[in-house]
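As a basis for the values below, the full set of heavy atoms in this structure was taken, side chains included, without hydrogen atoms, waters or symmetry mates. Below, read A as the first sequence line, B as the second, and so on, with proteins coming before strands; counting in each chain starts at 1.
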Amino acid sequence: MPSLTFQVLDVSYEVRGGKPRIILWARTEDDRRAVIFYDDFRPYFYVLPNPGEDLGQLASMIKRLSLPKSPVLSIEEVGKKYIGRPVKALKVTTLVPAYVREYREEVSKLHGVDEVLEADIPFALRFMLDFNLYPLRWYKATVEEERVPPGYQVDKAYRLVSRPEEDPAFVNIDPLKGLRVMAFDIEVYNTLRSPDPRRDPVIMIGLWSYPGEDEPLIMEAEGKNDRRLIERFVEEVKKRDPDIIVGYNQNRFDWPYLTARAKIHGIKLAVARRPGVEPSPGLYGHISVSGRLNVDLFDFAEEIREVKVKSLEEIADYLGVMPKEKRVLLEWWQIGEYWDDPSKRPLLRKYLIDDILSTMGLAWKFLPFGAQLSQVSGLPLDQVVAASVGFRLEWRLMREAVKLGELIPNRVERGEESYTGAIVLKPKPGLHENVAVLDFASMYPNIMVKYNVGPDTIVRPGEPYKPEDVYEAPEVGHKFRKEPPGFFKKILERFLSWRRMIRKQMKNVDPDSPEYRLLDERQKAIKLLANASYGYMGWPSARWYCRECAEAVTAWGRTIIRYAIQTARRLGLEVYYGDTDSLFVQYDPGRVEELIRRIEEELGFEIKLEKVYRRVFFTEAKKRYAGLTSDGKIDLVGFEAVRGDWSELAKETQARVAEVVLKTGSVEEAVKHVREVISRLKKGDFDVKELTIWKTLTRPPSRYEARQPHVTAALIMMRHGIRVEPGMKIGYVIVKGSGPLYTRAKPYFLAKKEEIDVEYYIDKQVVPAALRILGYFGVTEKRLKGGGQASLLDFLGKTRGGR
DNA sequence: GCCTGGTCTCTACCC
DNA sequence: ACGGGTAGAGACCAGGCG
């Protein structure tokens with residue numbers, strides 16, 4: 001029988017004739033698209049009996065529950081481990097995946113059943129778990145060719161005969177190489193309010209395929225009739241037959257909108273590779289397009305902290321994919337107008353083209369990392385991108401559990417129990433020269449490995465132990481058995497050594513080569529998962545939740561950082577600041593080197609010289625500082641200048657103040673700059689956008705206890721027929737008037753320049769932001785705002801501050 | 001009824 | 001929809017005062 005080498009793209013299943021069939025979506029070595037069917041996989045779950053229960057009797061009770069449409073096919077007694085303990089369980093196999101939920105409910109009720117386990121794992125993923133298949137990796141398997149079933153958009157169809165084995169030849173080959181990527185975006189008609197699919201048509205759709213196309217294809221509706229447009233969209237997608245579809249926010253907007261419009265026209269949005277299948281909601285708010293990987297790039301953008309308003313334009317600008325000044329910029333409410341006006345329509349077209357180019361540009365920034373995340377976590381690309389960090393790690397943990405013969409715990413509702421976290425030192429306020437920043441490398445994962453922390457190694461109350469056989473966490477007293485190595489330790493050790501190996505390989509590869517990029521993205525993906533493990537244990541919804549474990553980790557962390565502080569002081573190094581796993585000390589190269597050596601030797605934890613500040617400035621506040629690095633870069637941490645909920649003008653002013661003070665030491669010049677900004681404001685020489693304040697709406701407006709400006713603005717938007725949803729950033733300005741602030745907020749796009757309350761921006765934005773830094777040097781509000789000379793008091797204040 | 005200070009609510013940040 | 005620690009603005013509210 002022939003052997004096939006293929007790359008796994010995705011897995012789904014269908015039920016035919018009352019039986020499930022696994023559909024493995026793949027690409028073959030000779031670049032064909034293929035489905036590989038597997039008919040012999042069956043859904044199952046485990047039943048964990050109460051201690052001393054008669055398994056045979058339990059089995060016959062379960063058999064009696066057998067459902068006609070999905071009978072119990074077999075019940076098998078198996079030896080497993082559950083949170084590290086050996087257990088006997090029943091493996092119950094049935095026929096139709098959708099009925100497993102029903103079995104879970106009924107079996108849980110049976111007398112003698114402690115828990116029903118692994119009944120909540122989606123069938124297709126269950127197959128990947130059991131067959132140890134990782135998406136985007138390459139495998140070899142024996143297959144038999146079949147006729148491609150009608151309607152399937154693939155070149156080949158096979159039946160899986162042998163268990164696939166990973167092909168090591170492909171390990172360091174870019175998994176995306178040769179895959180067809182299509183970017184798309186739609187424009188929807190509107191009239192100064194949010195579009196409604198019952199009323200507003202789709203007017204333009206753009207798509208662009210790589211490889212193969214030099215430029216995007218732009219399609220337009222006929223007037224306000226989008227029927228033909230949507231039909232053409234489906235045809236054009238099929239023609240391009242992409243493996244990966246990328247868009248920006250398409251899971252929440254484009255797909256639902258297109259689906260709704262198609263439904264109105266009675267058209268099927270049949271863009272999938274399977275006949276008659278439309279895009280449909282999947283896990284984690286993601287939209288699944290069967291046979292293709294639908295990747296919403298917005299999910300990556302969410303993790304870019306530096307960009308606060310995460311629109312496509314802003315993200316593409318930040319990443320240098322499409323500079324704002326080089327593109328057509330339109331606001332969403334202008335789309336209808338630009339469509340109706342024939343002279344403006346070409347600009348709308350260009351706007352869409354720029355969006356498509358930006359989207360494709362972002363794809364090449366993000367997909368390589370996404371592909372590694374998929375290869376490492378084991379979740380298909382489209383899902384891993386949509387999933388949060390906790391779930392990404394959890395899928396990998398589930399895979400490890402299957403390999404180790406461990407039963408996967410259920411996801412259970414738990415109340416929140418908080419515990420003590422890390423230490424943050426009080427900073428030494430002022431301007432300091434030559435300060436070294438030392439960082440413990442992956443402190444929490446290393447604590448977990450060193451002390452064998454985990455839910456399976458912890459000594460529970462009442463359990464016997466010998467003191468010499470356990471590690472005891474300081475302060476909290478939780479104990480962990482030294483042997484055998486626990487679940488987390490095993491996985492983390494593998495992650496850490498895997499990452500070490502990759503970093504070693506990287507040293508022998510040209511930094512500009514594709515292989516280097518691949519390795520770098522892979523080590524980042526591994527690091528992400530490793531670093532998530534501590535937070536994961538403290539997450540009440542985690543399957544492997546263990547509050548005491550998380551608590552023990554932070555306790556060890558506190559002890560370690562205290563020890564490091566003490567060691568630094570003993571060496572005569574002044575400690576300026578520290579947070580969790582970092583220390584800011586006076587930079588004396590010899591003694592810093594000695595400090596590093598001692599910490600590593602005496603504690604067994606690696607600490608690194610992360611950077612050296614030529615100058616660094618602290619106020620009294622923790623978690624805020626400004627530093628000037630040796631290469632002339634300014635780091636601003638925690639200050640208003642890096643927060644999204646301050647006006648751009650206040651942020652810029654503060655950043656400039658920090659820069660002047662750090663680079664020149666001239667408070668004078670910084671004051672001058674602030675005064676210029678204030679006079680510019682008073683003259684009316686400003687733009688509404690630089691005064692806009694953005695805040696996230698975290699819940700529906702009615703669910704707020706306290707009134708707030710951004711909620712007011714959101715309510716005004718709603719009155720104008722603009723949909724606002726939790727998670728949205730609301731941009732508002734403060735306008736003139738009396739009464740509390742929240743009564744004077746207005747959405748920025750409805751506000752006229754003349755109504756802006758300039759006084760508010762001076763008193764509550766620019767001045768406080770500037771004073772946060774200048775205040776330390778004795779500068780007063782009066783001096784920043786005053787019309788005349790600096791007073792004697794200001795002068796005295798300044799010299800006092802400059803000590 | 002108005003002012004004041006303490007507390008609560010909310011958001012966004014740091015690591 | 002991974003954790004705790006933290007800053008800061010403004011709303012909210014009780015108590016003092018006249």
Side-chain angles (χ1 to χ4, degrees), chain A residues 283-286 299 302-303 305-306 308 386-394 397 411 413 416-427 437 439-445 448 528-547 549-555 557-558 561 577-584 610 619-625 635-646 650-651 693-699 703-712 726-727 729-730 734 739-745 760 763-765 768-769 771-772:
Chain A
L283 259 50
Y284 319 117
H286 152 262
D299 293 330
E302 272 191 313
E303 280 157 44
R305 297 268 153 251
E306 291 85 346
K308 312 297 172 179
S388 62
V389 187
F391 288 109
R392 291 171 182 172
L393 173 64
E394 190 158 80
L397 296 180
R411 192 168 277 291
E413 299 265 332
E416 282 176 33
E417 307 164 276
S418 70
Y419 57 89
T420 313
I423 289 179
V424 188
L425 301 186
K426 271 201 185 129
V437 184
D439 260 312
F440 279 96
S442 302
M443 187 199 242
Y444 286 177
M448 289 172 69
L528 186 94
L529 293 193
N531 284 344
S533 53
Y534 149 73
Y536 175 85
M537 290 192 310
W539 176 35
S541 304
R543 290 177 189 269
W544 281 274
Y545 173 65
C546 177
R547 197 208 82 227
C549 299
E551 195 174 30
V553 170
T554 57
R558 291 191 297 272
I561 194 85
Y577 179 61
D579 185 349
T580 311
D581 59 355
S582 70
L583 272 193
F584 291 55
E610 191 63 31
T619 65
E620 305 263 327
K622 296 172 173 184
K623 296 189 183 277
R624 299 188 151 204
Y625 55 89
D635 277 351
L636 275 172
V637 180
F639 282 113
E640 286 75 8
V642 298
R643 293 178 63 100
D645 55 353
W646 282 70
K651 290 164 57 171
I693 298 164
W694 294 89
K695 270 206 174 94
T696 308
L697 193 73
T698 59
R699 60 195 86 164
R703 296 239 343 266
Y704 279 90
E705 270 183 57
R707 282 167 286 193
Q708 294 178 88
H710 74 296
V711 181
T712 308
K729 282 256 197 276
I730 307 289
I734 299 300
L741 204 60
Y742 64 83
T743 60
R744 296 193 281 128
Y760 167 82
D763 292 344
K764 302 291 179 180
Q765 290 275 318
L771 279 185
R772 202 80 64 208

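Note on K623(A) versus D579(A): salt bridge recorded, some NZ/NE/NH1/NH2 to OD/OE distance being below 4.0 Å. Between R624(A) and E640(A) there is a salt bridge, since a side-chain N of the basic residue sits under 4.0 Å from a carboxylate O of the acidic one.
For Y704(A), counting side-chain heavy atoms from C-beta on, the closest listed nucleotide (dG5(C), dA12(B), dC10(B)) is dC10(B). Considering only side-chain atoms of Y284(A), the nucleotide from dG3(C), dA1(C), dT9(B) that sits closest is dA1(C). Residue A706(A) places its side chain closer to dT9(B) than to any other of dA1(C), dT9(B), dA7(C). Of the candidate nucleotides dG5(C), dC15(B), dC14(B), dC15(B) has the atom nearest to the side chain of D581(A). The W539(A) side chain lies nearest to dA1(C) when the options are dG4(C), dA1(C), dT11(B).
The interatomic distance linking D579(A) (CG) with dT6(C) (P) rounds to 8 Å, in whole Å. One can place CH2 of W646(A) at 15 Å from P of dA7(C), the figure rounded to the nearest angstrom. One atom, CG of D635(A), and another, C1' of dC15(B), lie 14 Å apart when rounded to the nearest Å. One interatomic measurement links the two molecules: CG of L741(A) to C1' of dG8(C), which rounds to 14 Å at whole-angstrom precision. What separates NZ of K623(A) from C1' of dG8(C) is a distance of 15 Å, to the nearest Å. Here the P atom of nucleotide dA7(C) and the CD atom of E640(A) are 12 Å apart, to the nearest Å.
Taking 4.0 angstrom as the limit, K695(A) places none of its side-chain polar atoms (N or O) nearer than this to OP1 or OP2 of dT11(B). Side-chain nitrogen and oxygen atoms of R699(A) include at least one within less than 4.0 Å of the OP1 or OP2 phosphate oxygen of dC10(B). A sub-4.0 Å separation between OP1 or OP2 of dT9(B) and a side-chain N or O of Y742(A) is absent.
Residue side chain R624(A) does not reach the base of dT6(C) through any donor-acceptor N/O pair under 3.5 Å, judged by distance alone.
At a threshold of 4.0 angstrom between heavy atoms, the contacts of V553(A) with the nucleic acid are absent. Looking at heavy-atom distances under 4.0 Å, Y419(A) makes contact with sugar-phosphate atoms alone, never a base.
Proximity of F440(A) to L583(A): side-chain heavy atoms (C-beta onward) are nowhere separated by under 4.5 Å.
Of the N and O atoms on the side chains of T698(A) and Y704(A), at least one donor lies less than 3.5 Å from an acceptor on the other residue.
Projected onto DNA chain C by closest heavy-atom contact, I423(A) and G535(A) fall at different nucleotides, the more 5' of which corresponds to G535(A).
Of the possible donor and acceptor atoms, none in the side chain of R699(A) sits under 3.5 Å from a partner among the backbone N and O of P726(A).
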